[in-house]
Amino acid sequence: MRIETPKNRGQVSLLSKILLFVFIAMLPLLLSSPKSLTASRGMDRVNGVKILVLNYHKVDNQNISLSVLPKDFDRQMKYLKDNNFHTITMDEMYAALTEGAELPENPVVITFDDGYDDNYKYAYPILKKYGFKGTIFVITSFLDRNQPGYITWGQAQEMESSGVINIESHTVTHSSMTEQTDEQLRYEMAESKRDIEQRLGKTVGFIAYPTGTFNLHIASLVKEAGYKGAFTIKYGNVDRASNLYALERVPIFHTEDTYRSFLERLQYVPVFERLGWIKS
Ligand SMILES: [Zn+2]
């Protein structure tokens with residue numbers, strides 16, 4: 001017969017405490033299905049708010065990964081509508097992150113990089129149809145010289161005044177920022193902001209880093225240039241732990257099964273974050 005001494009009783013109770021702790025820590029994971037993860041988007045116990053920022057480039061019938069087919073884009077927007085997602089503006093996102101302003105359930109920000117003319121032709125009417133809003137980050141020198149394949153200032157003006165599309169900066173020339181002098185960087189940031197503001201009569205508050213490359217020094221120059229925030233292509237959701245000058249996005253591509261990839265990207269982000277694989 002085994003006699004329990006005070007020493008091994010201590011070990012038994014420590015072991016059961018550890019097991020209980022592990023069980024409790026795993027509980028949210030054990031209880032959550034992909035469905036409940038989607039449903040719980042919008043609030044996070046630690047950082048208060050979770051915002052999904054989708055990142056598109058082209059929306060047209062080209063068979064390349066950067067180009068989501070218009071019918072696929074329509075199906076994705078329908079999914080968001082049917083599942084109670086609400087598009088919010090950049091300013092609503094900013095107010096929620098900085099002042100704790102209330103957001104609708106399942107807040108989503110829809111962004112397009114580069115300002116392709118298919119955004120005007122296909123994405124804009126589809127967003128309008130679902131009552132959604134989006135942001136296009138434009139390369140201002142392309143608009144200035146009517147570069148074929150990109151939206152014009154006239155289209156930018158029309159979309160901006162409709163209230164559906166918000167135009168923000170993707171710099172003047174789309175050069176990679178990590179390869180420029182401070183003088184060039186300041187020009188890219190200030191001149192693109194000034195150009196959009198003057199042409200569209202609005203305030204530009206946000207920029208998307210061309211090719212997604214940036215560093216802390218570049219981020220500090222963005223702030224200095226008067227921007228409220230900057231978007232990267234770092235994969236994840238935006239919450240109060242996010243750096244305003246290194247905001248996360250979820251890129252959406254054309255794949256073998258675009259709809260399935262889209263649903264996976266919407267559902268897997270919270271799982272990755274919960275496991276600490278993204279913002280640890
Ligand atoms: Zn770009």
Side-chain angles (χ1 to χ4, degrees), residues 52-60 62-70 73 76 90 93 109-124 127 134-153 155-156 159-160 165-180 184-197 199-200 204-215 218-219 221-222 225 227-236 238 243-255 258 261-262 265:
L52 170 69
V53 185
L54 297 177
N55 180 213
Y56 293 91
H57 286 80
K58 292 177 72 61
V59 177
D60 80 352
Q62 268 177 285
N63 200 20
I64 52 169
S65 68
L66 221 54
S67 181
V68 173
L69 302 176
F73 183 72
Q76 293 170 6
M90 295 266 148
M93 177 200 73
V109 174
I110 300 174
T111 69
F112 303 86
D113 283 10
D114 305 339
Y116 297 102
D117 56 1
D118 55 59
N119 293 180
Y120 174 77
K121 192 173 174 193
Y122 296 113
Y124 169 49
L127 288 173
T135 290
I136 300 178
F137 291 105
V138 299
I139 305 157
T140 56
S141 67
F142 289 14
L143 276 70
D144 287 346
R145 58 169 187 259
N146 287 319
Q147 178 102 345
Y150 294 84
I151 59 168
T152 63
W153 281 117
Q155 291 167 339
M159 291 191 283
E160 177 80 33
I165 296 289
N166 166 42
I167 303 287
E168 301 285 339
S169 171
H170 201 30
T171 73
V172 178
T173 66
H174 202 270
S175 311
S176 170
M177 289 191 151
T178 47
E179 276 140 46
Q180 297 178 54
Q184 288 170 318
L185 287 169
R186 286 197 178 98
Y187 170 77
E188 292 279 350
M189 295 165 187
E191 175 55 22
S192 57
K193 189 175 190 298
R194 190 204 59 78
D195 201 3
I196 300 169
E197 288 179 343
R199 301 234 189 208
L200 304 183
V204 170
F206 299 88
I207 190 167
Y209 296 111
T211 73
T213 52
F214 74 103
N215 56 40
I218 293 168
L221 292 179
V222 169
Y227 289 93
K228 295 196 277 189
F231 290 87
T232 65
I233 47 170
K234 200 166 68 164
Y235 187 57
V238 167
N243 178 338
L244 283 171
Y245 296 93
L247 294 166
E248 298 85 350
R249 290 192 287 180
V250 174
I252 304 298
F253 294 112
H254 175 180
T255 68
T258 303
S261 310
F262 172 76
R265 294 215 150 193

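In each ligand, atom 1 is the first atom listed, and ligand 1 is the first ligand listed. Values below: every heavy atom of this structure, side chains too, minus hydrogens, waters and symmetry copies. One is the number of the first residue; the rest follow in order along the sequence.
- The two residues Ala208 and Asp113 come nearest to each other via the heavy atoms CB-OD1, 4.1 Å.
- Ion pairing between a basic and an acidic side chain is recognised when a charged N comes within 4.0 Å of a carboxylate O; Asp195 and Arg199 show such pairing.
- For the ring pair (Phe, Tyr, Trp, His ring centres under 6.0 Å) with Tyr116, the qualifying choice from Tyr124, Tyr150, Phe137 is Tyr150, the only one to do so.
- Coordination check, His57 versus the Zn ion (ligand 1): failed, since every N/O/S atom of the residue sits at 2.8 Å or beyond.
- The name of the N, O or S atom in His170 nearest to the Zn ion (ligand 1) is NE2.
- Under the 4.0 Å criterion applied to side-chain N and carboxylate O atoms, Arg194 and Glu197 are not assigned as salt-bridge partners.
- Residue Asp114: an N/O/S atom is found under 2.8 Å from the Zn ion (ligand 1).
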